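The sequence lines fix the lettering, A, B, ..., with proteins before strands; numbering per chain opens at 1. Keep in mind that what you see is a predicted model, and the values were worked out from it rather than measured.
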There are 2 protein chains.
Amino acid sequence: MVVTIRDVARATGVSISTVSRALANPDQVAEATRLHVQETARTMGYRPNRAARGLVTGRTGSIGLVVPDLENPFFGSICKGVQARARAAGYAVFIADTDEDPLLEDEVVRGLAKQVDGVILCSPRGSDEAVSRAAEESALILVNRALPGVPSITFDNGGGARAVMRHFMALGHRRIAYAAGPITSWSNQERDLALREFAEQSNDIELIELGNFSPVFSGGTQAADLALASGATAIVAYNDLIAAGLVDRLRHRGITVPADISVTGFDNVPMSTLVWPNLTTVDLPRIQMGRASVDALLDRVLGRSTGPRPNLEIPVELVVRQSTGVVPAIPASSTQSAATPSSKRSRLV
Amino acid sequence: MVVTIRDVARATGVSISTVSRALANPDQVAEATRLHVQETARTMGYRPNRAARGLVTGRTGSIGLVVPDLENPFFGSICKGVQARARAAGYAVFIADTDEDPLLEDEVVRGLAKQVDGVILCSPRGSDEAVSRAAEESALILVNRALPGVPSITFDNGGGARAVMRHFMALGHRRIAYAAGPITSWSNQERDLALREFAEQSNDIELIELGNFSPVFSGGTQAADLALASGATAIVAYNDLIAAGLVDRLRHRGITVPADISVTGFDNVPMSTLVWPNLTTVDLPRIQMGRASVDALLDRVLGRSTGPRPNLEIPVELVVRQSTGVVPAIPASSTQSAATPSSKRSRLV
DNA sequence: CGAAACACTGCAAAGGTTTGCAGAATGTAT
DNA sequence: ATACATTCTGCAAACCTTTGCAGTGTTTCG
């Protein structure tokens, strides 16, 4: 039925050790033998049994990837990068979706840890303690979250936030709102912190922190009214979905983006070019992140790591589209009247 | 370092056979022994080595999932369903992304087949022959494509297409365009065929077939001008992305959806509620599809299949939102003048 | 009370591969 | 020709678990 190394050995007339070596360590066997074995193995369709190999080598040739939600395209992209790089390195990828559940996450990571060479844990929802414990029990790379003592790869959230702030400043905005994401989200904390520090340092900027909001469309609709009431002329949304909800709700309130209020997202999900106006946002190179995390993990697993690698930060880029513009002469919220469309006013500017 | 069945046996004072049975076949060992073993195994953190188990049982306890593009949320949803159901059944999931490449797909499926108990092959891009061959070499379930002799699960594309047609007929539309997807896409063929048959049977409907277009936003922008020139009052897009591109381009041409032209998508991706107007579309229950495919695969793998199961068709549902409306009195394209916004005309109706 | 049935446990083989070690064969230097 | 180094190949153990079979001790029934 299935062809084993024994079959190849018999067909070639050599021992199974020689077959094994001819395929795995080609330089240890004479050229004639090697070619003969390789040719026979190929024609017979021989594939080494990974279980058997794993039993003796102690390595499985596979890695685990744990994400909170596969339906979220953000993680889909990371998966793609991970999968591609892992295959290139001869590794297979186990995937696990934790459904945003910290307990399930812990269970899944522990379960996976025993049957793979290493785990990439992406945007974990669990507590610092849980994650640290998991990191001790297995070769683990943290993605999109940093934790002292655990090797990790993150996006430069702070850099992205500062780029947005500089962009707004250049457009003349001084009163800027942040529509925050989930309070448990590490990247939300990073972005929030960077915005606050930026505002403090350039002391004519006023930062209004709103939220926290759910990182979905309806979170944005909810945030819109608060932002409008706050008198901000520009809004930084935690992510693109909140930004999309913001512009939608603002439109219903008769406010025009970007004429009356500017809005930026974060993430640059594919959707951000579909909403109208196209979102100015911060692009996070997710596929690259996936690739980098595999590299980091394999460095660790294969012991080829060059010294301690506490954290690697991947640069991000502001993508300016149509949802941001110069500050209006008369802020949309100056009347506090939501019923009056203000687009006319701003057209007069 | 890592705790094996031997360690548990030594700690409990029984043989390894008993430990194995106490954990896998609890009814074959005396209650006192069983409890003792189970307790010890738990406290020691023992997890059976899957490679070793696989070596003797011949089963790996994992399945493979092959998709064309993980970044596409359509497949993300299916992954989620597959992953959840597989874990519930005690199986782990290997994931592979083929990057829409038929050759890579073939290679990946063959590579995966040897190290898993079965493969779920999702929307394969390969030829009928390649897929059939792969199906012979391994336990395989085809998803989103049907092929004689290969067990498969598909969405009821025909039913969805007919539901759209009935919807348009009820709104008074008689001249309907289809913005077709990739010619190689099986589901495009299904949808196209069903539309054509429907139009033939109800002989006052005129179906205009346009395309093929790439199943992305820009494919829709391209389709919009052709559709407008065709004089159609309603457009069925192959998928939601094309539909989104359609409404965007139509807006730029001064055409209002749905007042001047009605548009439907297909798939009901999350994005379809973000575009304006919200898309009327056909919902494909993707997570359910993922679950069903695992069930079908395990039925086959575990030999508990109830007779031959050639193809299972999952029902779909038309979701009516805002991109479809009654046929305008004067079609938008009647003047062939794209410069003149026609929304005023249609408001007069 | 004896025999048979039963419940439980242990022994040992098997599964496919890698790899340390030793042996065989060939080549090289003395 | 002998000793030695070198290159290549094969033997056999080891990895960890499951499972058929046999053995032991206990219960049940006639």
Tabulate protein N/O versus nucleotide N/O from nucleotides 8-11 of chain C, keeping only pairs under 3.5 Å, one per line.
unit_1, atom_1, unit_2, atom_2, d
C:dT9, OP1, B:Thr33, OG1, 2.3
C:dT9, OP2, B:Ala30, N, 3.0
C:dG10, OP2, B:Ser15, N, 2.9
C:dG10, OP2, B:Ser15, OG, 3.0
C:dG10, OP2, B:Thr18, OG1, 2.6
C:dG10, N7, B:Arg21, NH2, 2.9
C:dG10, O6, B:Arg21, NH1, 3.4
C:dG10, O6, B:Arg21, NH2, 2.9
C:dC11, N4, B:Ser17, OG, 2.7

Q.
Show the nearest heavy-atom pair for residues A:Tyr91 and A:Leu302, with the distance to one decimal.
A.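 That would be OH-CD2, 3.6 Å.
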Are [X] and [Y] close enough for a salt bridge, meaning some N to O gap below 4.0 Å?
X        : Y        : answer
B:Asp106 : B:Arg110 : yes
A:Glu39  : A:Arg42  : yes
A:Arg300 : A:Asp117 : no

Q) Regarding A:Ser15 and A:Thr18, is there a side-chain donor-to-acceptor distance under 3.5 Å anywhere? A) yes
Q: Five pairs at each end of the helix from C:dC1-D:dG30 to C:dT30-D:dA1: take the axis at both ends and give me the angle between them to 10°.
A: 50°
Q) Could you go step by step and tell me if B:Met289 and B:Leu284 meet the side-chain contact (heavy atoms from CB on, under 4.5 Å) rule? A) CA-CA 8 Å; B:Met289 167 70 98; B:Leu284 310 184; over 6 Å; no
Q) Which class fits the ring pair A:Phe94 and B:Phe94: parallel under 30°, tilted 30 to 60°, perpendicular over 60°? A) parallel
Q) Taking side chain as C-beta onward, heavy atoms only, is B:Ser152 less than 4.5 Å from B:Leu147? A)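 No, too far: nothing below the 4.5 Å cut-off.
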Q) Can you check whether B:Arg286 reaches B:Phe155 side chain to side chain, under 4.5 Å on heavy atoms? A)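 Touching, per the 4.5 Å side-chain cut-off.
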Q) Contact class for B:Ser20 (heavy atom, under 4.0 Å): base, sugar-phosphate, or nothing? A) base
Could you state the [atom1]-[atom2] distance from [X] to [N], rounded to the nearest angstrom?
X        : N      : atom1 : atom2 : value
B:Leu55  : C:dT17 : CG    : P     : 9 Å
A:Asp7   : C:dG15 : CG    : P     : 12 Å
A:Lys114 : D:dC15 : NZ    : P     : 18 Å
B:Gln115 : C:dT17 : CD    : P     : 13 Å
B:Ile5   : D:dC16 : CD1   : P     : 11 Å

(Q) Can you pull out the residues from residues 41-54 of chain A that lie within a 4.0 Å heavy-atom distance of DNA chain D? (A)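 Going residue by residue through residues 41-54 of chain A, none turns out to have a heavy atom under 4.0 Å of DNA chain D.
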Q | With B:Glu105, the side-chain contact (heavy atoms from CB on, under 4.5 Å) member among B:Val67, B:Thr98, B:Asp99, B:Asp97 | A |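 Between B:Glu105 and the candidates, side-chain contact (heavy atoms from CB on, under 4.5 Å) is satisfied uniquely by B:Thr98.
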**Q.** Option passing side-chain contact (heavy atoms from CB on, under 4.5 Å) with A:Val143 (candidates A:Val66, A:Ile120, A:Leu297)
**A.** A:Ile120
